[in-house]
Every structure is written in C-alpha cells, then in structure tokens.
Amino acid sequence: MPIITRRDAILGAAKLGLVTILAPSAFAQSARDKTTGRVTLVLVNDLDRMDEKDGRGGHAKLATVAKAERAKGNTLLVHAGDAYSPSLLSGIDKGAHIVELLNRIGPDVFTPGNHEFDFGPEIFRQRVKQSKFDVVAANIHEKDGSLVGGLMPTKIVEIGGFKFGFVGVCTESTVSISSPGDIGFTPAVQTAGEFAAKLREAGAELVVAVTHIGFREDMELVRTGAADIVLSGHDHNLVTYWDGKVVLVESASQADFVTPIDLLIEKTVADGKARIAFVPNFRPIDTLTVAPDPDIAELINGYQAQVDKELNIPIGTTETALDTRRGALRSEENAFGNLVCDAMLAATGAKVCITNSGGIRGNRDYPAGTTLTRKTILEELPFGNKTVVVEIGGKTLRAALEKGLASGGGFPQVGGMTVTADLAQPIGSRLLSVTISGKPLDDAAGYTLATNNYLAKGGDGYVMLQDGKPLTDELAGHYVAGQVMSYIEGKNTVAPKVEGRLVLTR
C-alpha cells in the first residue's frame, strides 16, 4: 500500500523548481481584510463491505469517524465511489442495503464509481433516486446527452466562511469494466476541468474534484491546476500528496483507513481582489483503533443475520489450500480460478473456459480442510454473472488470451487448455503456445468457450468475444456462483490446485 506523503511531494517538487511552497508564514502578510479558518474534508472510497474485517473497516467504523469529525465543526464527508458492489449481500439485493447504510451515515458528497453500474443501468437509476444524500457526477449521462436523473453535476457549499465547489467524475472505462448499458461517460479529466471553471465563475473559492479514476488521470488533473483539491477512489491506495498548489488524496479501501484533511485557509482582500491560500494537514485514521457506531452496527447485524440464515450452509470441503488474494489471482494460474473454470466446463460441456480474475473477490486464504459454504462462494463470486457459451474461432481465442495476459482484473483463469507465454515480450506477442486436448490451437478451427456474460459482452477489454456465436446466452445461462456450488456439492470434496494450465515466464 504505497503512501506518498506531503513532505515527499513538497521536496520532490521543490527540487524540480516547479512550485512555490505555501507555508504558514505566508499568512503573515498584512491586508485590509483577512479571514482565516479551518475546514475538514473526510474522505472514504471503495467501501462495499458492511462490516469490519480483521478489526478494520466497514460502515459502522466509518460512522464513528464521521461523527467524531463532524463534532469538531466545519466538516464535510466525501465518498469517492464503489459502494453498491461487489459484496455478498449485494449479490442478493443489488446494493440496496448500502444505500440504506449511507442514508444513515449521510455523506455530503457521493460520486459514483464503476461498481455502481454492476447490476445494470436501471438499478443504478433506482439507487440514485433512493439516496437521501447528494450524488455528484458531471460526466454520467443518458443516451440523449442529459444528466442521469437525480445526479448533480456540481455542488457549492458555504462552510467555515468559505465557498467550496464540488465536481464529481467517474472513469469512462466503466463502459468496459462494468455494465452501464445505455448510460455514457464523457472524458473524466476534461469534464472535471470544464466544470471546475464553471464553479469558479459561480463564486467557488476552493474547487474540489471528487474522482473515481486511475492515479495517472488524477495526476493529469492535478497538473492542470483546474481543482485545488482532488479526492479520489478506484486504485485502493493510501495516498496523500501536495505539491504546494494542489492536494490529492486517496483513502485505501473498505474504510480500513479514513482520511480527514484539515485545510488551514486564509482569505485576504485588497483593492477589491480576494486571494485564497491554504495549507493541508493529512490525518489518515487506521480504523483498527476505532470503535464501531452502535446504531449502524445494529443495522449491519440485522443484515448479516439475514445473509447467514440463507447462505451459511456447508456444501463441501477443499482438500487443498486456496488463495483468492488479489495478488495471487491477477498474475498467475490460481487454484480457485481452476475450480471455477472446472465447474463451468462441467455444467456446459464446452471445450475451453476463460474467466476473469477480477471476478473473484473474496481476498482470503483457505487452509486445506476448510469447509466451504454457499456464503463462501458468493463472497468469492459476488457479481451475479451468468455462464454463457459462445462458439469462436481459434484466432479469436488467441486474441482473447493475448488481451487477458495484459490485463490486471481481466487476467485469465482457464480450463480445457494449456497456455505458455513470455510476459517479457511486447503486449500482443506474448503467447508461445496454446494446447487444447493435446493439439495446438488451430486459428482456423472453431471452439466452444464457456465464459461469463460480462466477458462475452466485451468486459475487461475482451471485445473480440462479442464476435462469437452465442450458443447459450445470458437469458438462458445459469449463475456462475450457482454452478460452482453445485459442482462442489456433487463432489462433496474438491482438491483444486495449480497444475500448469498457465506456464508463464517473465
């Protein structure tokens, strides 16, 4: 979990001679009219988990932090997206419980992330309408170009004697990594810049861009200087950055850390012109040290009881250890990934299988001998994806594997084939061989591929799969999680392992 500190940012920028550092002594200048104050922005992002894990995170701990910070006055809570999914209960209620939790906690600004669209455009529209807090996003629009109903492109808040303008943007890659349907996205950085200018014209003295985009895009936005403060989600990193002009913060994920930013602000007015200067103080809070809010905890316990009653049913035992941690999945063959593909192949009779590592989300270690439950499988496969079968050519299968090997969340877990690749080679030239039923992949031949409906529609960049001939479509398909449960129940004990399906050199 990389941390970029304020000191690192300042020293690095100063060495390059690119910035003027604003220190508290800069506030000492005389002026005809001077206003000073403190405003605290509290950032959370990428929080889809109801309860704590290993003593950290969850909504009850977020509620405690929010209450404590608000009690100090002049505080705004900002959520930078990815809330509705992927969680266990979201697989059942499509994120409705998260909206209820957030309605109770009351963020002042919520900007949607890509996972808000995992259940399709209609569910997104419903959840926005159910929200009693302001959902701020300027680049999410309907097919006719209008803003999705219930969204605010910007928001101005007067707090502590200063006018703050907020603009929200979500990554335009949502169209390929989630399921927004006919909802579209204008370029995030460009849109944030355009609306930041409008906020300043409307009287905002400090502009805050709430972004759910990648770090590289965040830094691009920082370099433009369009916003004074960028509060971000999406990468799951703990980042605090200040170059003397612009602040950038991301607050890890799952409320394991919640980050208040105290802004020490001075406004001076001379000759009719106002100047704003500020210095940030970053206070990342490790919620391991935070007690859960009892009211929110009680609500979560009710939801958890509902989940446990329906899902805490044993279905079998794994004789081998399983590791579904993010790092173990997104760069190499994985035993749980093999289990998923084996279940999909057994259910469909397809020749080969590809599933995306990003669809496996439990982030856990399971020792050999662990009893697996329905809850276990839904924690690992929370998206509600269905298995589909498409007929594709060998050339398309080759292109899909090449694409997958270059993608983090789209990294392929496979079945029915052995793939050898050199990842040191340029993207698009990494495959060395693909063997299916003991024979080399034939570019001119046809193959039946079991995959999930998300990939079949081009998700995670697998656009080539859209050219396949559907043999079992999404409407006729069964849930991947259900097929995995049935596969385990039918065998009673399973022993998935890494067996050389992906042979990779780097």
Side-chain angles (χ1 to χ4, degrees), residues 114 171-179 185 187-189 213-217 219-220 234-235 326-334 337-338 340-341 344 350-360 385 388-470 498 500-506:
N114 51 283
T171 175
E172 60 264 36
S173 67
T174 299
V175 296
S176 62
I177 63 177
S178 189
S179 303
F185 302 78
V189 174
I213 58 180
F215 181 73
R216 181 175 297 179
E217 292 175 294
M219 289 305 298
E220 181 182 345
H234 194 51
D235 291 305
R326 184 186 181 104
L329 276 163
R330 300 193 178 197
S331 61
E332 58 191 8
E333 181 185 348
N334 181 272
N338 288 349
V340 173
C341 266
M344 294 168 73
K351 191 73 171 178
V352 293
C353 171
I354 297 177
T355 192
N356 54 318
S357 295
I360 301 171
N385 287 329
V388 298
V389 178
V390 295
E391 184 175 355
I392 60 173
K395 186 176 181 181
T396 300
L397 178 57
R398 187 184 301 277
L401 291 167
E402 282 280 9
K403 172 59 183 176
L405 291 170
S407 174
F411 185 86
Q413 300 296 329
V414 304
M417 54 184 158
T418 299
V419 178
T420 303
D422 182 357
L423 301 187
Q425 297 303 311
I427 293 174
S429 303
R430 294 177 166 184
L431 282 183
L432 301 179
S433 67
V434 180
T435 303
I436 300 171
S437 300
K439 298 180 181 180
L441 173 67
D442 182 351
D443 283 356
Y447 298 91
T448 52
L449 170 71
T451 188
N452 60 62
N453 59 301
Y454 170 62
L455 295 190
K457 292 187 292 187
D460 271 339
Y462 284 85
V463 292
M464 68 292 296
L465 297 185
Q466 294 174 308
D467 297 330
K469 177 184 177 182
V498 174
R501 299 184 188 187
L502 294 175
V503 182
L504 308 177
T505 57
R506 289 175 167 83

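Here the structure is a predicted model, which is why all the values come from computation and not from measurement.
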Is there side-chain contact between [X] and [Y], with heavy atoms separated by less than 4.5 Å?
{"X": "Leu431", "Y": "Val419", "answer": "yes"}
{"X": "Leu449", "Y": "Val389", "answer": "no"}
{"X": "Thr435", "Y": "Met417", "answer": "no"}

[atom2] on [Y] to [atom1] on [X], rounded to 0.5 Å:
{"X": "Leu455", "Y": "Asn385", "atom1": "CG", "atom2": "CG", "result": "7.5 Å"}
{"X": "Tyr462", "Y": "Thr396", "atom1": "OH", "atom2": "OG1", "result": "13.5 Å"}
{"X": "Glu402", "Y": "Leu397", "atom1": "CD", "atom2": "CG", "result": "11.0 Å"}
{"X": "Ile354", "Y": "Leu465", "atom1": "CD1", "atom2": "CG", "result": "6.5 Å"}
{"X": "Leu504", "Y": "Glu332", "atom1": "CG", "atom2": "CD", "result": "8.0 Å"}
{"X": "Lys351", "Y": "Ile436", "atom1": "NZ", "atom2": "CD1", "result": "8.0 Å"}

Using a 3.5 Å distance criterion without hydrogens, assess whether the side chain of [X] forms a donor-acceptor pair with backbone atoms of [Y].
{"X": "Gln466", "Y": "Lys457", "value": "yes"}
{"X": "Arg430", "Y": "Asp422", "value": "no"}
{"X": "Arg330", "Y": "Phe411", "value": "no"}
{"X": "Glu217", "Y": "Ala188", "value": "no"}
{"X": "Asp235", "Y": "Phe215", "value": "yes"}
{"X": "Glu391", "Y": "Tyr447", "value": "no"}
{"X": "Tyr454", "Y": "Ser176", "value": "yes"}

In this structure, are over 12 heavy atoms from other groups packed under 6.0 Å from Arg506 atom CZ?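 Atom CZ in Arg506 is packed in, count exceeds 12.
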Looking only at side-chain N and O atoms, does Gln413 offer a donor or acceptor that is under 3.5 Å from a partner on Ser357?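 The answer is yes; a qualifying pair exists.
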With Phe185, which residues qualify under ring pair (Phe, Tyr, Trp, His ring centres under 6.0 Å), at least two apart?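 Here the qualifying residues are Phe117.
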So which atom in Pro470 and which in Gly468 form the shortest heavy-atom distance, rounded to 0.1 Å?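 Heavy atoms of Pro470 and Gly468 come nearest at CD-O, 3.3 Å.
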Tell me, with the steps shown, if Thr451 and Thr355 meet side chain to side chain contact (heavy atoms under 4.5 Å, CB included). CA-CA 6 Å; Thr451 188; Thr355 192; 5.7 Å; no
Apply the test side chain to side chain contact (heavy atoms under 4.5 Å, CB included) to residues Val388 and Asn452: give CA-CA distance (whole Å), side-chain angles for both, the deciding distance (0.1 Å), then the verdict. CA-CA 6 Å; Val388 298; Asn452 60 62; over 6 Å; no
